[in-house]
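The sequence lines fix the lettering, A, B, ..., with proteins before strands; numbering per chain opens at 1.
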There are 2 protein chains.
Amino acid sequence: MTHSRDELLKQLRVRGARLTIQRRLVLDILLDGNDHLSVQDIQAQVTQRGADLTETTVYRILQWLKNLGFVSQTDLGQRGVVYELIGSPRHHHLICLNCGGVIEVGDGLFEELRDHVRRDYDFEPRIDHMAIFGLCQDCGNQNISGE
Amino acid sequence: MTHSRDELLKQLRVRGARLTIQRRLVLDILLDGNDHLSVQDIQAQVTQRGADLTETTVYRILQWLKNLGFVSQTDLGQRGVVYELIGSPRHHHLICLNCGGVIEVGDGLFEELRDHVRRDYDFEPRIDHMAIFGLCQDCGNQNISGE
DNA sequence: TTCCTAATTGCGAATTATTCTCAACTGCGA
DNA sequence: TCGCAGTTGAGAATAATTCGCAATTAGGAA
Ligand SMILES: [Mn+2]
Ligand SMILES: [Mn+2]
Ligand SMILES: [Zn+2]
Ligand SMILES: [Zn+2]
């Protein structure tokens, strides 16, 4: 499940952050649309709710939430950069280079990798919302030319 | 080891690609500097060799090599997007979000993940040159503030 | 409740990275 | 050697993100 709104706000308050209406708005949009949202998507939502934030502000708030570890920022390739609240448990995606299809996968896939990295390199990986590119079942069977 | 120049050219010829002087030049630069090269890095090398390619052309050649599966394109975060010939065996990197340190790791780390993805999702992942972000040993011990 | 101030936002320009268009050029098969 | 589809050059265009600074405001202190 995802963070609840109240829990989220509480955690932010604890960290001494100012809860401006702009920040609440972006948080609400992220909480509602439990989806991949681009900056434009978020701006559209802002407008739809009768509000109005600068692009700059949206970028700044997303950056802030990302640095705090509440939001993931992921480049989905063709589909560009998207933001999403990091739920628990986390999830990740397989993205087909040919058809663009996006498959959601659980975090289990990455548990071994995480452990290995920790053990072998004493490195604490932040694998929050990975995009793995490749060829899906359908496209893998066709023979894809390089160009 | 890395692809040899001749082997590489042969493979490209087989695929019916035109081996222009521009393409040879970029290939040679990639072969020599066995390193992460940004587009600017490559342009600098081009100049250093007394030649002169447009940025556009460099982008196009890199895109072409990437699509053919010979070159990886990786976003290293702070350090931007870099290109590198995909060697065999492949390697990947751990990148510290705090100090920016880059650790090279072998491909073994990803073998399990690859198998899982193939088995569980019938998806052929192209894990050529991954960047895993997180905190290195030194930085993990300090307490990092969110901002 | 009011006041104060550091944190945050708005605005618009700047920067950066990448792509596009189209005319000129050229690698390579016939 | 010729012809042309594929490739490059040039420079503008587009898209994404960041910057600088003045105006605003959240939230603690009085
Ligand atoms: Mn997702
Ligand atoms: Mn590398
Ligand atoms: Zn596909
Ligand atoms: Zn570090």
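- For A:Asp75 and C:dT18, the CG to P distance is 11 Å, given to the nearest whole Å.
- Straight-line distance from the CD1 atom of B:Ile42 to the C1' atom of C:dT18: 14 Å, rounded to whole Å.
- For B:Arg18 against D:dG6, a side-chain-to-base donor-acceptor contact under 3.5 Å is present.
- Between A:His92 and A:Phe110, the angle of the ring planes lies from 30° to 60°, which puts this pair in the tilted group.
- Donor-acceptor pairing under 3.5 Å, judged by distance alone, is absent between the side chain of B:Thr54 and the base of D:dG11.
- Rounded to whole Å, the distance from CD on A:Gln43 to P on D:dA15 is 15 Å.
- Listed nucleotides C:dG10, C:dA17, D:dG11 differ in distance to A:Leu53; the shortest reach to its side chain belongs to C:dG10.
- Remark: side-chain polar atoms of B:Arg90 are not paired, donor with acceptor, to backbone N or O of B:Gly106 under 3.5 angstrom.
- Although no hydrogens or angles enter the test, the distance criterion places no donor-acceptor pair under 3.5 Å between the side chain of A:Glu84 and the main chain of A:Val71.
- Between B:Tyr59 atom OH and D:dG11 atom C1' the separation is 15 Å, expressed in whole Å.
- One can place CD1 of A:Ile21 at 10 Å from C1' of C:dT9, the figure rounded to the nearest angstrom.
- In this structure, B:Ile61 atom CD1 and D:dT8 atom P are separated by 5 Å, rounded to whole Å.
- Closest-nucleotide positions on DNA chain C for B:Val81 and A:Gly16 were compared, and the one nearer the 5' end corresponds to A:Gly16.
- Checked by atom type and distance alone, the side chain of B:Thr74 pairs as donor or acceptor with a backbone atom of B:His129 at under 3.5 Å.
- Straight-line distance from the CD atom of B:Gln63 to the P atom of C:dT19: 6 Å, rounded to whole Å.
- Mapped onto DNA chain C by nearest heavy atom, B:Ala17 and B:Glu55 fall at different nucleotides, with B:Glu55 at the one closer to the 5' end.
- Of the listed nucleotides (D:dG27, D:dG9, C:dT8), C:dT8 has the atom at the smallest distance from the side chain of A:Thr20.
- The nucleotide whose nearest atom lies closest to any side-chain atom of A:Arg60 is, among D:dG9, C:dC11, D:dA16, C:dC11.
- Per the geometry, CD belonging to B:Gln22 stands 9 Å off P belonging to C:dT26, to the nearest Å.
- In the set C:dT18, D:dT8, C:dG12, the nucleotide with an atom closest to the side chain of B:Thr57 is D:dT8.
- Between the side chain of A:Arg23 and the backbone N or O of A:Arg18 there is at least one donor-acceptor pair closer than 3.5 Å.
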